[in-house]
Student: 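A single structure is presented below for examination.
Chain letters run A, B, ... following the sequence lines, proteins first, then strands; residues in each count from 1.
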Amino acid sequence: MTLAKRIIPCLDVDAGRVVKGVKFIDIRDAGDPVEIAKRYDHEGADEITFLDITASSDNRETMVHVVEQVASEVFIPLTVGGGIRKVEDIRTLLNAGADKVGINTAAVFNPEFVKQASDKVGSQCIVVAIDAKQVSSEGETKRWEIFTHGGRKPTGLDALEWAQKMQDFGAGEILLTSMDRDGTKIGFDLALTRAVSEAVGIPVIASGGVGTLAHLADGVTIGKADAVLAASIFHFGEYTIQQAKNYMAEQGIAVRL
Amino acid sequence: MSNIAIIDYGMGNLFSVTKAVEHVAGSSDKIVVTSDADKISTSDKVIFPGQGAAKDCMSALQQCDLQAAIIDAASQKPFLGICMGMQVLMQMSEENNGVDCLGMYQGSVKYFGNHLSIGSGDNSFKVPHMGWNCIEQQQRHPLWKDISESSYFYFVHSYFVSTDNENLIAGTTSYGPTFTSVIAQDNVFAMQCHPEKSAQAGLQLLKNFLNWNGSNTVN
């Protein structure tokens, strides 16, 4: 027996409600983060990630309440990302029952923030989210760059160097999203996933592009990811987490069944 | 009914531990999160969690003046150590260039990175050891009741307990080398993983702790 590869469903939360529609027939309130988190826990999710997409900062408090409610009833690790810019924000979320926080844009604009945060709360609580896009042309050696603003703004930062820098600055984990694949359902960018996973000594979560169970397994076997994150294939009931785990186990991947 | 004290010495998040214990507690159980030595000494059972670095933990215990209360509780009533709450029961930790710990048990706390190659190749490992891993039960113990052999628990740590006292080892986990993930002796049970984040297996363990009289004989 060994450390299991993790399957992590990701939920977008806007002003306290799960958005982008979760369609479980047996869930009464598809917008309720607690009900959905319970359902995923029951199906065997190894962790749940909440992405706070609330635009207005007035609603920051709302996410804290969501975390408190979920953490009072669901006893698996919870990660919260989206709009985290101060160590104080991190403490508040951890005290509300979150286990880890995801830092994305704030890390790009102020890498020292990652250092400060990990010094204060420990590396194990800090996930640096990296949004990467391929910038090399066909035939060239593959190269990816960090993008911000939902993949619209290039930063000039090389994805592999950035991942290593974030590790050195105290990141405990990397959440790696391919902006080329996000929403496409054609599978992870496996070359990117593998390159980043081999470049760092901290766990890497692959994200962006999952459409089938085989994609999840490929992320681990070919991409060398330690965990795989997906949203839509689970939300719309195409597959349950349990089915995903059974499939991965059949491929010889260690999973918690 | 029992009074359960969860020790708060300012080292991290007690929300999840408290909620998980409340979740499995009976209606007459009283759960108090406290840094008060008197409350710890009058409680029936003690949970000793902890996160962060060894040095910070030990100085926080000193600042709160809780060392005596903890050693006292661990020598007489049902006592559950979690994560750092397991590590600081040992003699010393390698973390922060060496930190003297409470010294209740023979053994030390070592860094994974010195014992396995860090990386992502087939024979290398990532540190921290983060995620779900199996515990192989090495003792029959009331706290393992209704928890199957090799159950998965949630871990997140870079240091692990190492002891030569085999009688102390109640559970082992394989990550590179096999390490001691659970120790138990008399009224003390302590684990490296987080039962409060380990879904059903973790809740069952906490429930077993609440039902435990502190004797390690299995009926």
Side-chain angles (χ1 to χ4, degrees), chain A residues 1-8 41-42 44-47 67-78 91-100 119-125 127 167 172-174 193-205 223-227 254-257, chain B residues 11-24 51-53 56 83-84 112-113 116-122 124-136 149-158 172-176 178 194-204 206:
Chain A
M1 291 298 180
T2 182
L3 185 65
K5 301 296 178 183
R6 288 168 279 155
I7 297 186
I8 309 172
D41 172 30
H42 185 71
D46 295 308
E47 215 170 293
V67 175
E68 267 179 2
Q69 285 170 354
V70 174
S72 301
E73 298 191 52
V74 177
F75 301 100
I76 58 174
L78 305 173
R91 276 197 197 281
T92 307
L93 287 164
L94 296 178
N95 287 336
D99 296 276
K100 302 184 249 186
D119 279 350
K120 288 284 179 212
V121 301
S123 287
Q124 77 284 352
C125 300
V127 183
Q167 167 176 265
E173 194 166 48
I174 301 282
T193 307
R194 184 166 190 145
V196 171
S197 198
E198 289 182 344
V200 296
I202 52 177
V204 173
I205 305 167
K224 302 281 174 197
D226 301 279
V255 288
R256 177 179 69 106
L257 287 170
Chain B
M11 288 309 291
N13 167 15
L14 300 178
F15 185 90
S16 299
V17 178
T18 311
K19 290 294 169 188
V21 174
E22 282 173 4
H23 192 80
V24 295
Q51 297 177 351
D56 296 341
C83 194
M84 278 309 290
F112 269 125
L116 37 79
S117 85
I118 298 180
S120 59
D122 288 342
S124 53
F125 292 85
K126 299 200 169 184
V127 176
H129 171 226
M130 186 193 295
W132 298 81
N133 206 335
C134 302
I135 296 181
E136 310 301 336
E149 183 62 52
S150 307
S151 284
Y152 277 101
F153 284 82
Y154 186 74
F155 289 83
V156 46
H157 61 126
S158 300
T172 55
T173 295
S174 159
Y175 193 61
T178 295
H194 290 270
E196 76 279 14
K197 287 288 172 180
S198 296
Q200 206 45 51
L203 293 173
Q204 182 64 47
L206 292 172

Student: Name the region of Ala98(A), side chain, backbone, both or neither, that has any atom closer than 4.5 Å to a heavy atom of chain B.
Tutor: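 Contact with chain B involves the backbone of Ala98(A) alone.
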Student: Do Met130(B) and Leu3(A) come close enough that some side-chain heavy atom pair is under 4.5 Å?
Tutor: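 Met130(B) does not reach Leu3(A) side chain to side chain.
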Student: Looking at CG of Asp46(A) and OH of Tyr152(B), how far apart are the two atoms once the value is rounded to the nearest 0.5 Å?
Tutor: 9.0 Å
Student: So which of Ala71(A), Ala96(A), Ser123(A) has the largest heavy-atom pair count under 4.5 angstrom toward chain B?
Tutor: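 Most heavy-atom pairs under 4.5 Å with chain B: Ala96(A).
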Student: Among Glu47(A), Glu68(A), Lys5(A), which has the most heavy-atom pairs under 4.5 Å with chain B?
Tutor: Glu68(A)
Student: Under 4.5 Å heavy-atom distance to chain B, tell me which part of Glu173(A) shows up: side chain, backbone, both or neither.
Tutor: side chain
Student: Nearest heavy-atom pair of Phe75(A) and Glu196(B): which atoms, and what distance?
Tutor: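 Of all heavy-atom pairs spanning Phe75(A) and Glu196(B), the closest is CB-O, 3.4 Å.
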Student: Quick one: what part of Lys100(A) sits under 4.5 Å from any heavy atom of chain B, side chain, backbone, both or neither?
Tutor: side chain
Student: Give the member of Ala227(A), Cys125(A), Pro77(A), Gly44(A) that has the highest number of heavy-atom pairs under 4.5 Å with chain B.
Tutor: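 Among Ala227(A), Cys125(A), Pro77(A), Gly44(A), the one with the most close pairs to chain B is Pro77(A).
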Student: Using the test ring-ring contact (aromatic ring centres under 6.0 Å, His included), find all partners of His129(B) that sit at least two apart in sequence or belong to another chain.
Tutor: Phe112(B), Phe155(B), His157(B), Tyr175(B), Phe179(B)
Student: Just wondering, do Lys126(B) and Ser197(A) contact through their side chains at under 4.5 Å, heavy atoms?
Tutor: yes
Student: How long is the straight-line distance from NZ of Lys19(B) back to CD of Glu73(A), given to the nearest 0.5 Å?
Tutor: 9.5 Å
Student: What part of Asp41(A) lies closer than 4.5 angstrom to a heavy atom of chain B: side chain, backbone, both or neither?
Tutor: side chain
Student: Kindly give the heavy-atom pair with the smallest separation between Trp132(B) and Arg6(A), and that separation in Å.
Tutor: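 So the minimum-distance heavy-atom pair works out to CD1-CG, 4.1 Å.
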Student: With rounding to the nearest 0.5 Å, note down the distance linking OG in Ser16(B) to CD1 in Ile76(A).
Tutor: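 Ser16(B) OG to Ile76(A) CD1: 11.5 Å, rounded to 0.5 Å.
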Student: Please classify the contact of Val255(A) with chain B as side chain, backbone, both or neither, using a heavy-atom distance under 4.5 Å.
Tutor: backbone
Student: Can Lys197(B) and Leu78(A) be said to form a side chain to side chain contact (heavy atoms under 4.5 Å, CB included), step by step?
Tutor: CA-CA 9 Å; Lys197(B) 287 288 172 180; Leu78(A) 305 173; 4.1 Å; yes
